[in-house]
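These notes are about the structure you will find just below.
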Amino acid sequence: MDFIIEAAVKAVKALYQIDLKPADINLQPTRKEFEGQITIVTFLFTKISRKSPEQTGAEMGEFLKNEVKEISGFNVIKGFLNISLSDAYWINKFYTEILSADFAMVKPNGKKVMVEYSSPNTNKPLHLGHVRNNLLGYSVAEILKADGYQVVKANLVNDRGIHICKSMLAWQKFGNGETPESTGEKGDHLVGKYYVLFDKEYKRQIEELKSFGQTEEEAKKKAPVIKEAQEMLQQWEAGNEEVISLWKTMNLWVYDGFGKTYKALGVDFDKFYYESDTYLLGKDIVDEGLEKGVFFKKEDGSVWIDLTADGLDEKLVLRADGTSVYMTQDLGTAQLKYNDFHMDESIYVVGNEQDYHFKVLFLILQKLGKQWAKGLYHLSYGMVDLPSGKMKSREGTVVDADDLVDEMEQTAKEQTEALGKVTGYSQEEKLQLYHTIGMGALKYFLLKVDPKKRLLFDPNESVDFQGHTGPFIQYTHARIRSVLSRAEPLSPVKEKRISVDPQERDLILTLSQFPETITLAATGHSPAIIANYVYELAKAFNKFYHEKSILQAEDELTKQFRLQLSAASAGVIKKAMKLLGIQVPERM
RNA sequence: GGUCCCAUAGCUCAGCUGGAUAGAGCAACAGAUUUCUAAUCUGUAGGUCAUAGGUUCGAAUCCUAUUGGGAUCACCA
């Protein structure tokens, strides 16, 4: 719409002899209840023109209409100049822009970005909170790709630490040699079961000690199982063969389980980092910081950074005994990742409870003079709550990711069967369809919301399949494909149509916004922008579909035009949904 | 207590760098199918945009304060 802005600048110059910058012109889409497609807000110009908004608008409208051939008409309501663009403009936009092979294909921008997401603990299965993380990370990566970035999807697996030892210990004590093979249980669930068992035993021992007169605090420290777990961690760090072997075995079980969940969710990674490899990193950065005077040492030997001047606190970066803390590790890992890929930007998809941590992490790296630190971004998202409150994996009160996937597929199956839509499907096709629809509903439900807002998930009410949902958009796609399958295959455009109906024009307008929407979503790191866009598109198509006949169009040229328009709509829907990690079926 | 985030219709959410009568979906009610898939479409009803000030020609949007909810301020990760 740059040509309108340019012309408006010209109009102000010609009418009122004032030079404006393009940024001074305020364009917005015309509201549906008014005639026109694009609106110039003219309140600003009234100061210049010293005339009423109505008169100013009318003068400018008249000038623009004469100046710009694409403008076919205008109307003025208060300070709003509503401009109608000619059919020829929309027709041309459709044939040359939207139907062109490279529509919404962005050229590589030469930038590399890393998206780190998922980052699970290997002591328990994934739950709904992880699902939000995975879907967000995957989608943001896809959106950045579509916007021209080279993307590295990374997963930093938290595979060591006291929490892992808890599962291991409980399995040793109560497991009787159980394996995923012997029980048929998914590996991550098996391990998670022992994590919960540990906690039960731990709590029992605490109560026991308390009954002997110990305080809660003492009991928590003295309970035999926690001591054993701590000992196990020390043995792990010392490289005790038996412990390492058990650790490897149980981690493999978990990875096998995670692999299945990732596959069901449709997410993947280019690079895995393991904390067992990285937990000792960062000490050289501590030395570097001490040298540069960014860090300082306290009497006990612990190393700190003073961030009070930045409105934050003093923060520990290395313990007195020389061992790492979380921050030490993350400093080291950030450097490692940069050394590996030299990316321009790096996005951490991590929950908002770590806002403070990342603020500090990025600030420290900047203070250390790391040039690449300015490309770091924390994509913070809100927690997923249940009506009953917070999810607690130690207590087993979580919405399990695998259960959720199953339930979604089951609901999709029930809905589909109730509608009688699966005649002529093979068993395999049915399962595939239920998966596509179930996941479409779940993914859309989680991604349409602004990431930073917390999300309330009611498992009983489940996820809707009607209205503003994934299946609604999938259905629109399927319906288009159905119409197209009834027509002859599309042939290259020989003759162009010369007029458009309002529904067609709205559809062309919406389609044409796809490229800018991708860029908007990429810069804002927000799949929600894509989700809301594709919903608008599906609605625009449904309206068109409802009011205009495609196969029974008035004449052959109109029919061809509408088929092309439908095909283009299906194409954009498919692409946009792919950016959300959602597949669209051919039939449903 | 310090810092950060959130608050829009009964419910779930949009509302871009300030612009028109604050929009969708669900739920409620009323309609549309001998016609390309009704998981659709059309209409009715539903709001003091948490509250109070301020900036502005104009504020849901920006600023300040207050209230409510959440997170964080670990030698846990």
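The model shown is predicted, which means the values in this text are computed figures rather than measured ones.
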Taking any heavy-atom pair under 4.0 Å as a contact, classify [X]: base, sugar-phosphate, or nothing.
{"X": "A:N82", "answer": "base"}
{"X": "A:A478", "answer": "base"}
{"X": "A:T469", "answer": "nothing"}
{"X": "A:Y545", "answer": "base"}
{"X": "A:T39", "answer": "base"}

Grab the N/O contacts between the protein and nucleotides 73-77 of chain B below 3.5 Å, and write none if there aren't any.
unit_1 : atom_1 : unit_2 : atom_2 : d
B:rC73 : O2'    : A:D313 : OD2    : 2.8
B:rC75 : O3'    : A:R319 : NE     : 3.3
B:rC75 : N4     : A:D300 : OD2    : 2.7
B:rC76 : OP2    : A:R319 : NE     : 3.3
B:rC76 : OP2    : A:R319 : NH2    : 2.5
B:rA77 : OP2    : A:Y326 : N      : 3.2
B:rA77 : O3'    : A:E275 : OE1    : 2.6
B:rA77 : O2'    : A:N158 : ND2    : 2.5

Exercise. Using the rule for Phe, Tyr, His and the six-membered ring of Trp, do A:F80 and B:rG19 stack at under 5.5 Å and under 30°?
Worked result: no

Which nucleotide in [options] has an atom nearest any side-chain atom of [X]:
{"X": "A:H468", "options": "B:rU21, B:rA39, B:rG25", "value": "B:rG25"}
{"X": "A:S549", "options": "B:rU3, B:rC36, B:rA39", "value": "B:rC36"}
{"X": "A:F472", "options": "B:rC6, B:rC41, B:rU21", "value": "B:rC41"}
{"X": "A:R486", "options": "B:rA14, B:rC36, B:rU21", "value": "B:rC36"}

Problem set entry | Distance in angstrom units between A:D355 CG and B:rG2 C1', rounded | 16 Å

Problem set entry | A:K298/A:D300 ion pair, N-O < 4.0 Å | no

For this session: Identify all stems in which RNA chain B takes part, counting only runs of at least 3 consecutive pairs (Watson-Crick or G-U wobble, each distance under 3.5 Å), and give each as one range with another, ordered by first number.
Result: B:1-7 with B:67-73, B:10-13 with B:23-26, B:28-32 with B:40-44, B:50-54 with B:62-66

Exercise. Can you find a donor-acceptor N/O pair under 3.5 angstrom joining the side chain of A:K421 to the base of B:rU37?
Worked result: yes

Exercise. Does A:T476 make a side-chain donor-acceptor contact with the base of B:rA39, cut-off 3.5 Å?
Worked result: no

Detail all sub-3.5 Å separations between protein N/O atoms and N/O atoms belonging to nucleotides 55-60 of chain B.
none

Exercise. Looking just at side-chain N and O atoms, do A:Q234 and A:Q230 make a donor-acceptor pair shorter than 3.5 Å?
Worked result: no

